[in-house]
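First up is the structure itself, then whatever we jot down about it.
Treat the numbers as computed from the prediction; the structure is a model and nothing was measured. Chain identifiers are assigned alphabetically (A, B, ...) following the order of the sequence lines, protein sequences preceding nucleic acid strands; residue numbering begins at 1 within each chain. Worth knowing before you read on, the calculation uses all heavy atoms, side chains too, and leaves out hydrogens, waters and symmetry mates.
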Amino acid sequence: MTAETLDTPAVAVPTATPPHPLREFWGYFSANHGAVAGLMVIVGVVLVAIFADVIAPHSPYLTDTTVALKPPFWQTGGTLTYPLGTDPIGRDILSRLIYGSRLSLMIGIAVVSISIIIGTVLGLVAGFVRGIVEIFIMRLMDIILTLPSLLLAIVIVAVLGPGLMNSMLAVALVILPHYVRLARAAVITETSKDYVTAARVSGAGPIRLMFKEVLPNCTAPLIVQASLGISTAILDAAALGFLGLGAQPPSPEWGTMLADAREFVLRAWWVVTFPGLAILITVLAFNLLGDGLRDALDPKLKR
Amino acid sequence: MALLEIENLSVEFPTQGGIMRAVDGVSLTLEKGEVLGVVGESGSGKSVTMLALMGLVPFPGRVTADKLSFNGRDLLTISDKERRKLTGKDVAMIFQEPTTSLNPCFTIGFQLTETLRLHEGMDRKTARRRAIELLEQVGIPSPEGRLSSFPHQMSGGMNQRVMIAMAIACNPKLLIADEPTTALDVTIQAQILDLLVTLQKERNMALVMITHDMGVIAETAKRIMVMYAGQVMEERAADDLFRSPQHPYTAALLAALPEHSHDGRLATIPGVVPGLYDRPRGCLFSPRCAYATEHSREVRPELRSWAGGQIRCHYPLGDPTREARLNADRPVPAKEIAS
Amino acid sequence: MLRFILTRVSLVIPTFLGITMLAFFLIRLVPGDPIETLAGERGIDPQRLEQLRIEFGFDKPIIVQYGIYLARVLQGDLGKSMITQESVLTEFTALFPATIELAFCAIIFALALGLPAGMLAAIKRNSIFDHGVMGVSLAGYSMPIFWWGLILILLFSVQFDLTPVSGRIDVLYYIEPTTGFLLIDTLLSDEEGAFWSAVRHLILPTIVLGTVPLAVIARMTRSAMLEVLGEDYIRTAKAKGLSQFRIIALHALRNALIPVVTVIGLQVGVLFTGAILTETIFSWPGVGKWLIDAIFRRDYPVLQGGALLLGVVVMAVNLLVDLTYGLINPRIRHNR
């Protein structure tokens, strides 16, 4: 070896090759500690939700007024039987939180699925058909976006009647415009590209174009938006629950639990602290994951 | 004393895949009033070299050098404050994209007088008068009205003239023009080049013209430095270099000029500048070099003095011992080079 | 410039029509007869029902009904509350200052902390401060603010007894509403200590309502700043030898503010959403709490009219932001 090679000590090994795209994605994603932490929390919440029956020490609905408002185990008066204490009618808070994770995940996933399916279809239609249909769809979405999201959801639930299903529908409608816009933008940018023209010239019909050429190319932003959408859905559904418009008692939905606990805030800190913490941690995890996915998938942000 | 002295300047950027060396051991001296052309393909490190001189290497780049001095001042140890007194006053720079290089939120007048008020301490009125003079000098019609224009209201050529006016506002000793004509229409290109040359002669300032186009500097530069993949390949007097290029890369660049084309076919250099992942162990140009040998692929040549200039090549074209050494080092068969 | 304003204003008209349509049709989605819905649960005699039916134009085709509704809305007639028999518009205007006061304080709070935090994070990119700001702001962005309010009450009101739990002012003060903004009214009145009481009542709601906008503004300012700092004209500014402070505070900030102002505009919608929750937690007598109360009282005219008015306010603020955007960004101003 001569002095010349010493000259460039830190340069990558000359034989190094560019990494595989998936590996590169994982490289970017795993370098983002927040995103990995978010993913781990989500996996944890999913496991808790799946094995709720096994993990939960008590039934989430079992009331026992003899043990009402027991503090968490580390405070005087608390016992390990009710690790996070009990609520005003003696239900075990930990068990309710564990079962609540099922509801929150279900809400998040169901709401986003509905929104993605309807939104993508509307967006694809708007992008492909153009003209009056497009104007109508996009204007409607603009209006939905203009209105404060929770206000619109509240009005819809107020009209349809309170309940878990109605609140999920309302939230799905509120987050719908994001997916419509995304899908339409993808159609418009992709259809102007050469490979789509090529596919069209070679006789591919619009349906085939949609599913074979356009959709695969907007999956990355859709995945990112879905992850962020789940956090919005969980948060908004919990807010509706808190206002008494979402899931109804005795459902262990986290927002509804907070609504029940509100009047006890001055007497028993634990009944309000834990459900909210559960919401915060879950929502934060999905936001972290969404951010991480976006940074890893969006080549523009790569340095 | 030389105006500018650079010795063994390197600029590195840490990336996900390792450290990217954008500039690799560049050395250069420049006299007062001298015109230097820096030539190379995109990504050859010519702009970054000059940005390093200006202290403008973007985050997270790292600059190292054995010597970096301008007008007797050591730029490696200078304080930020002292350096700011130099940049924009004694060393000025204009860039490739005139329109994005001007701040879209401020008027031409504001951006022009800002420099004057900072470095020359002029008051608003004097600065304004001087700004009008400067716009006149760079050939902008009805300069007074232009002061209140925004960059997006003017053409690229006009914006480049404004950039030049801004750069020469404080009579710099050195002006660096980074591909000043690349983004402009062909007809405007010649005007801007003429303007730069005229201003250089009038004010006897040193001019560094960065370009990827040999044709652009053929008539302007007295001396030419050819860069490739962050390294200086060859550096010598312009007429000398054009008459008898010493580096195979320079020769290939010259052969690629339209006026050198034979029977209407344009010569090209096969391959691309090496990136982070395919940096050769030996001479960086060896994968594309028609004369590459086992030796040149294994051992990277040093930058050395040669024929009144500098060269980084084992087998300079004007070397009398070249043929013998090439044969001794067993050139690789031609068909392998093509791949 | 005038043309720019006119086009922007004209673009709002379809949105306005859309909002009125939503308000109009939503009430018809309520199961049951709309008149009975509007009349409430206490029942109504058939003769009065018929009279109302004609009065509201329910015997006419739906499009005509919408026309009648729109005409009434444009005249400021949004119906009467079924509970108080007070005009919806009157109730709204009486309560709206409380919401504005809260929202205004919240956005000032968010800007005062968010702008500098975002700028500093961008300048000191990848520093501990940057990571801290980003982490905290992501948490703020994920915050269920209805819970956040309860936690702050738990901490500041229960634990430290620093701030009041609910309302706008101590009950021992009676302030004649002149402007409706208590901070101003208390200063105008000669009640001693009333102003500080109002301020102390504002602190927690302001923090709760300002948390999400604060997080969004900090993140947005940071990313806008980072983007701008990489622009060619910043390199030019550096090449001119300008000081770091001047480059950031003048050349970069001016450009970075353009997307930030847009975001602040979008935050107005978030603010009203948040106001509904914040007002409910702190029993703040604003339009948010009024709307929620209306839902539980099944006071549909208030719900319909109040939602419409809030929608229009948000729309108007968005328009205002759009126009401001034109003012600070010369490219927009000249191109339209």
(request) Go through the atoms of A:Leu147 and report whether side chain, backbone, both or neither lie under 4.5 Å from a heavy atom of chain C. (result) side chain

(request) Can you measure from CZ (C:Phe272) to CG (A:Leu150) and round to the nearest 0.5 angstrom? (result) 13.5 Å

(request) To the nearest 0.5 angstrom, please state how far the CG atom of A:Leu277 sits from the CH2 atom of C:Trp147. (result) 4.5 Å

(message) Suppose a student defines contact as a heavy atom less than 4.5 Å from any heavy atom of chain C. Which residues in residues 165-176 of chain A would they list?
(response) none

(request) Check each atom of A:Asp291 against the heavy atoms of chain C and say whether the ones under 4.5 Å are side chain, backbone, both or neither. (result) side chain

(message) Does any backbone or side-chain atom of A:Leu288 lie under 4.5 Å from a heavy atom of chain C? Answer side chain, backbone, both or neither.
(response) both

(request) Mind ranking C:Val314, C:Ile145, C:Leu138 by heavy-atom pairs under 4.5 Å with chain A and telling me who comes out on top? (result) C:Leu138

(message) Nearest 0.5 angstrom please: C:Leu150 CG to A:Phe242 CZ, how far?
(response) 5.0 Å

(request) Counting only heavy atoms closer than 4.5 Å, note whether C:Leu303 contacts chain A via side chain, backbone, both or neither. (result) side chain

(message) I'd like to check the side chain to side chain donor-acceptor pair (under 3.5 Å) partners of C:Trp284; sequence neighbours left out, ordered by chain and number.
(response) none

(request) Under 4.5 Å, counting heavy-atom pairs only, tell me which of A:Ile156, A:Ile144, A:Leu280, A:Leu145 racks up the most with chain C. (result) A:Leu280

(request) Assess whether side chain to side chain contact (heavy atoms under 4.5 Å, CB included) is satisfied between C:Phe146 and A:Ile279, documenting all intermediate values. (result) CA-CA 11 Å; C:Phe146 42 95; A:Ile279 302 173; 4.1 Å; yes

(message) Take a 6.0 Å sphere around CZ of C:Phe96 and say whether it holds more than 12 heavy atoms from other residues, nucleotides or ligands.
(response) yes

(request) Tell me, for C:Ile292 versus chain A, whether the close heavy atoms (under 4.5 Å) come from the side chain, the backbone, both or neither. (result) side chain

(request) Working to the nearest 0.5 Å, report the span between CD1 of C:Ile19 and CG of A:Leu152. (result) 10.0 Å

(request) Enter the distance from C:Ile276:CD1 to A:Leu151:CG here, rounded to the nearest 0.5 Å. (result) 4.5 Å

(request) Would you mind telling me which of C:Thr280, C:Ile153, C:Asn318 has the largest number of heavy-atom pairs within less than 4.5 Å of chain A? (result) C:Thr280

(request) Determine the option with the most heavy-atom pairs under 4.5 angstrom with chain C, choosing from A:Thr282, A:Leu258, A:Asn287. (result) A:Asn287

(request) Return the minimal non-hydrogen interatomic distance between A:Gly276 and C:Pro144, and the atom names on each side. (result) O-CG, 4.0 Å

(request) Find the one option among A:Leu235, A:Val155, A:Leu245, A:Asp236 whose heavy-atom pairs under 4.5 Å with chain C are most numerous. (result) A:Leu235

(message) Given heavy-atom pairs under 4.5 angstrom as the criterion, report whether the side chain, backbone, both or neither of A:Thr273 touches chain C.
(response) both

(request) Using non-hydrogen atoms and a 4.5 Å limit, figure out which bit of C:Leu291 sits close to chain A: side chain, backbone, both or neither. (result) side chain

(message) Is there a side-chain contact between C:Met143 and A:Leu284 in this structure, where contact means two heavy atoms from C-beta onward sitting under 4.5 Å apart?
(response) no

(request) Please round to the nearest 0.5 Å and tell me the distance separating atom CD1 of A:Ile154 and atom OG1 of C:Thr273. (result) 7.5 Å

(request) May I ask you to check whether over 12 heavy atoms, not counting those of A:Gln75, lie within 6.0 Å of atom CD? (result) yes

(request) State whether the number of non-hydrogen atoms from other residues, nucleotides or ligands found under 6.0 Å of A:Phe264 atom CZ is greater than 12. (result) yes

(message) More than 12 heavy atoms of other residues, nucleotides or ligands under 6.0 Å from CZ of A:Phe136: yes or no?
(response) no

(message) Under 4.5 Å from any heavy atom of chain A, what part of C:Phe16 do you find: side chain, backbone, both or neither?
(response) neither

(request) Measure C:Leu22 against the heavy atoms of chain A and call it side chain, backbone, both or neither at under 4.5 Å. (result) side chain

